[in-house]
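Letters go in sequence order (proteins before strands), and every chain restarts at 1. These numbers come from the heavy atoms of this one structure, side chains and all, not from hydrogens, waters or symmetry mates.
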Amino acid sequence: MKYNGQTVDLPPEAEEVAGFYGAMIDTEHAKDATFNKNFFDDFLKILKKYPPKNGVKITKFELCDFRSMFDHFEAEKTKKKSMTSAEKKTAKAAKDALEAPYTHCTLDGRKEKVGNFRVEPPGLFRGRGDHPKKGALKLRVRPEDITINIGKDVPIPTPNVPGTWKEVVNDNTVTWLANWVENVNGNYKYVFLAAGSSIKGQSDWTKFEKARELKKYVDQIRNDYNDALRNKNMGERQRATAMYFIDKLALRAGNEKGDDEADTVGCCSLRCEHVTLEPPNKLVFDFLGKDSIRYYNEVAVDEQVYKNIRIFKNGKNPEDELFDRVNTGALNRHLASYMKGLTAKVFRTYNASLTFQDLLDRGTPEKGTVQEKLNAYNHANRMVAILCNHQRAVPKTHEQSMGKMRDKLRGLKYERMKLRHALFAIDAKYKKDKRYKEPESDLDDDAIATHEDNLKAKELEKAEKKFQKDNEKAAEDGKEPQDESVLKEKLKEIEADYKRLKKERGTEKHVLKREKPTEKIEEAIDKLEEKIKTFKLQMEDREAGKEVALGTSKINYLDPRITVAWCKEHGVPVERLFSKTLMTKFPWAMEVDMDWKF
DNA sequence: ACATAGACTTGGAAAAATGTTT
DNA sequence: AAACATTTTTCCAAGTCTATGT
């Protein structure tokens with residue numbers, strides 16, 4: 001790196017930290033004041049211990065220039081990218097072999113896959129949203145920091161780097177294999193078994209069975225909280241209102257957070273500023289939830305809920321707690337009085353899975369194609385994701401791919417138009433037929449011209465390529481290449497075809513390349529219309545889903561047995577909906593029969 | 001009741017793998 | 001076979017909730 005134009009000769013310990021930042025100078029993080037400050041504070045501490053060897057004094061962040069480091073990392077990336085696929089394969093195999101001893105463990109005599117068997121490498125803490133500690137240096141974890149949890153009388157594994165474990169314990173009441181405390185926030189980090197392991201599967205099953213058990217209690221709970229909305233005791237009334245939100249809007253519980261964390265909230269920690277009243281009965285929620293994802297929802301609520309919020313906000317400042325007499329602990333204790341183990345998060349699982357089951361039951365087309373059924377499934381999945389506010393950044397290529405789809409749709413419409421015009425040319429009576437007389441939308445003269453130009457260009461290119469390839473093949477077989485005139489002739493033909501099409505524009509008449517009887521044309525139009533319809537649906541789906549993340553609900557909230565039973569009932573292979581990892585995550589769900597319901 | 005430690009689930013982004021087009 | 005788009009997997013941060021001690 002350079003400082004004030006001067007090259008800095010850093011010892012490896014400091015160079016590594018500078019490199020963490022250098023690799024990031026092109027990211028949003030490097031534009032963040034908090035990130036930069038936290039990084040630089042920690043960098044200075046490191047520099048104090050490992051000062052530049054050539055005596056440069058680093059004091060100001062603004063004078064640091066990490067560009068050369070950035071370039072170095074970019075070059076490394078490029079080098080890696082430019083490896084041939086054979087080289088990549090070899091490198092991958094070597095890495096796999098190196099890691100093989102650590103990917104599995106033995107639990108009660110069974111071989112089980114370990115999830116995160118790699119210790120987290122040092123780097124800069126990438127806190128989300130407005131995290132006060134983002135950019136801080138996350139230190140390297142050494143054996144001396146790590147506690148391992150193994151079976152009694154089992155040989156102690158040797159660390160694969162120099163050092164000795166902090167501690168070795170034999171605790172079979174927990175599921176972690178190793179843990180350490182991370183230096184930035186003081187949080188515990190754990191090594192757990194993989195999602196497909198027996199213990200994770202067992203606890204997943206328990207989670208969904210608990211959510212199903214809630215069905216037995218939910219009517220009573222709802223009756224009670226609806227009554228309590230009018231309770232004279234304001235604490236009770238607040239709790240009832242909070243439960244209403246948790247149940248109806250699938251809000252998270254909302255534990256209290258500290259000043260050294262990002263300012264995000266859930267139900268119990270909502271502040272007055274997060275909910276506004278819109279007469280006569282609408283509430284507008286606007287707050288940052290988990291991961292600083294914005295929750296925005298305008299929702300018509302029960303009259304008494306509306307009144308309650310007005311009362312709770314009365315006389316308070318925007319930054320005051322909305323539910324000042326409610327906390328997650330008390331709320332969960334109250335829920336547990338109805339049903340053992342019932343907590344706020346169970347409502348999320350319950351409502352997500354039940355909604356999903358219901359949408360599938362009502363929305364799956366009995367006679368549809370597999371694709372149409374999959375569309376119904378994805379739609380149900382999306383509705384649940386929206387309920388749970390699972391968002392994602394719009395994919396970088398979204399606009400581009402929508403554009404491509406629009407072009408393709410126009411192409412289909414063009415085909416339909418030509419078929420219609422072919423009918424008209426054969427028999428003018430079709431012009432009056434209401435099935436065919438309406439022109440295609442979104443297909444004006446300009447669009448037709450552009451489309452024909454594109455088609456022509458493609459055909460010309462294809463012809464040239466074919467000519468070349470044929471000649472190559474001829475050469476291989478020791479034959480004479482075709483004369484240049486063959487190609488010229490072919491190109492001329494294409495030009496003539498499109499000239500004819502150009503002439504056809506506006507005439508509402510078309511002559512098919514291969515003649516067809518009118519019944520066949522009508523049939524082709526029907527087929528094309530079907531294709532256009534499904535394609536349009538696909539486009540709408542993509543647009544509507546550009547900001548919705550479907551994975552989180554599929555992995556955590558939707559009982560997999562709903563999916564498996566649905567697949568069996570509708571003849572859809574489960575593999576179309578569950579990736580390989582999900583298949584291994586949910587082995588316990590695969591045996592349900594087709595009429596199983598959540 | 002309350003605070004904190006500890007253990008576990010849930011979450012979006014980024015990286016890697018795979019599929020598709022050129 | 002490269003370039004590009006899409007899907008899957010990994011990564012690790014950020015929640016929830018229980019146990020424990022006061």
Next on the checklist: Can you tell me if Ser579(A) touches the phosphate of dT9(C), counting only side-chain N or O atoms and a distance under 4.0 Å to OP1 or OP2?
Outcome noted: yes

Checklist entry - Tell me: CG of Asn179(A) to P of dC8(B), nearest whole Å? => result 10 Å

Next on the checklist: Whole angstroms only, please: what is the CG-C1' distance between Leu124(A) and dA13(B)?
Outcome noted: 17 Å

Checklist outcome for this item: Of the candidates dT9(B), dA14(C), dA5(C), the side chain of Gln400(A) sits closest to dA5(C)

Item to check | Whole angstrom value for the distance that separates P of dT9(C) from CG of Asn116(A) | outcome: 17 Å

Item to check | Interatomic distance, Asn389(A) CG vs dT10(B) C1' [rounded to whole Å] | outcome: 14 Å

Next on the checklist: Taking side chain to side chain contact (heavy atoms under 4.5 Å, CB included) as the definition, give me every residue that meets it alongside Leu359(A), ordered by chain and number, with sequence neighbours left out.
Outcome noted: Thr355(A), Arg362(A), Ala380(A), Met383(A)

Checklist entry - With Asp108(A), which residues qualify under salt bridge (charged side-chain N to carboxylate O under 4.0 Å, His left out), at least two apart? => result none

Next on the checklist: Closest-nucleotide mapping onto DNA chain C: is Gly289(A) or Leu582(A) further toward the 5' terminus? I mean the 5' end.
Outcome noted: Leu582(A)

Checklist entry - Which pairs pass salt bridge (Lys or Arg N to Asp or Glu O under 4.0 Å) with one or both residues in residues 121-133 of chain A, sequence neighbours excluded? => result Arg128(A)-Asp291(A)

Checklist entry - Counting any heavy atom closer than 4.0 Å, what does Ala330(A) reach on the DNA or RNA strands: base, sugar-phosphate only, or nothing? => result nothing

Checklist entry - Within the pair His131(A) and dA14(C), is there a side-chain N or O less than 4.0 Å away from OP1 or OP2? => result yes

Item to check | Pairing of Glu209(A) and Arg561(A) as salt bridge, 4.0 angstrom limit | outcome: yes

Checklist entry - To the nearest angstrom, how far is Lys200(A) atom NZ from dC8(B) atom C1'? => result 6 Å

Item to check | For Glu273(A), all residues meeting salt bridge (charged side-chain N to carboxylate O under 4.0 Å, His left out), sequence neighbours excluded | outcome: Arg271(A)

Checklist entry - How is Glu261(A) classified with respect to the nucleic acid when contacts are heavy atoms under 4.0 Å: base, sugar-phosphate, or nothing? => result nothing

Checklist outcome for this item: Residues pairing under ring pair (Phe, Tyr, Trp, His ring centres under 6.0 Å) where one sits in residues 384-412 of chain A, two or more places apart or in two chains, turn out to be His390(A)-Tyr557(A)

Next on the checklist: In whole Å, I'd like the distance from the CD atom of Glu182(A) to the C1' atom of dA7(B).
Outcome noted: 15 Å

Checklist entry - Which pairs, with at least one residue in residues 379-395 of chain A and sequence neighbours excluded, count as a salt bridge (Lys or Arg N to Asp or Glu O under 4.0 Å)? => result Arg382(A)-Asp541(A)

Checklist entry - Using a heavy-atom distance cut-off of less than 4.0 Å, which residues of residues 547-564 of chain A contact DNA chain C? => result none

Checklist entry - OP1 or OP2 of dA13(B) sitting under 4.0 Å from any side-chain N/O of Arg128(A)? => result no

Checklist entry - Side-chain donor-acceptor pair under 3.5 Å between Asp260(A) and Asn185(A), yes or no? => result no

Item to check | Lys189(A) side chain, from C-beta outward: closest of dA13(B), dA14(C), dC12(C) | outcome: dC12(C)

Checklist entry - Does Lys207(A) have a side-chain nitrogen or oxygen under 4.0 Å from the phosphate oxygens OP1 or OP2 of dC8(B)? => result no

Next on the checklist: Please list all pairs meeting ring pair (Phe, Tyr, Trp, His ring centres under 6.0 Å) that have one or both residues in residues 69-88 of chain A, counting only residues at least two apart or in different chains.
Outcome noted: none

Next on the checklist: According to salt bridge (charged side-chain N to carboxylate O under 4.0 Å, His left out), who are the partners of Arg118(A), at least two apart in sequence or on a separate chain?
Outcome noted: Glu99(A)

Checklist entry - When you check the phosphate oxygens OP1 and OP2 of dG11(B), does a side-chain N or O of Arg348(A) lie under 4.0 Å from one of them? => result yes

Checklist entry - Taking the six-membered ring for Trp, are the ring centroids of Tyr338(A) and Tyr217(A) within less than 6.0 Å of each other? => result no

Next on the checklist: Measuring from the side chain of Thr175(A) (C-beta onward, heavy atoms only), which nucleotide among dC8(B), dT6(C), dA13(C) has the closest atom?
Outcome noted: dC8(B)

Checklist entry - Between Phe245(A) and Phe285(A), is the ring centre distance below 6.0 Å? => result yes

Checklist entry - Tell me: OH of Tyr190(A) to P of dA13(C), nearest whole Å? => result 15 Å

Item to check | Whole angstrom value for the distance that separates C1' of dT10(C) from CD of Glu99(A) | outcome: 11 Å

Next on the checklist: Quick check on dA14(C): is either OP1 or OP2 less than 4.0 Å from any side-chain nitrogen or oxygen of Asn187(A)?
Outcome noted: no

Checklist entry - Quick one: is Lys257(A) getting a side-chain N or O under 4.0 Å of the dG15(C) phosphate, OP1 or OP2? => result yes

Item to check | By ring-ring contact (aromatic ring centres under 6.0 Å, His included) - contacts of Phe578(A) (at least two apart) | outcome: Phe586(A)

Next on the checklist: I need a per-nucleotide contact map over nucleotides 14-22 of chain B, read 5' to 3'. Cutoff is protein heavy atoms under 4.0 Å; write B for the base, S for backbone only, - otherwise.
Outcome noted: ---S-----

Checklist outcome for this item: Reading nucleotides 16-22 of chain C from 5' to 3' and marking B where a protein heavy atom lies under 4.0 Å of the base, S where only the sugar-phosphate is that close, and - otherwise, the string is BBS----

Item to check | Thr397(A) side chain near dT6(C) phosphate (N/O to OP1/OP2, under 4.0 Å) | outcome: yes

Next on the checklist: Taking any heavy-atom pair under 4.0 Å as a contact, classify Ser85(A): base, sugar-phosphate, or nothing.
Outcome noted: nothing

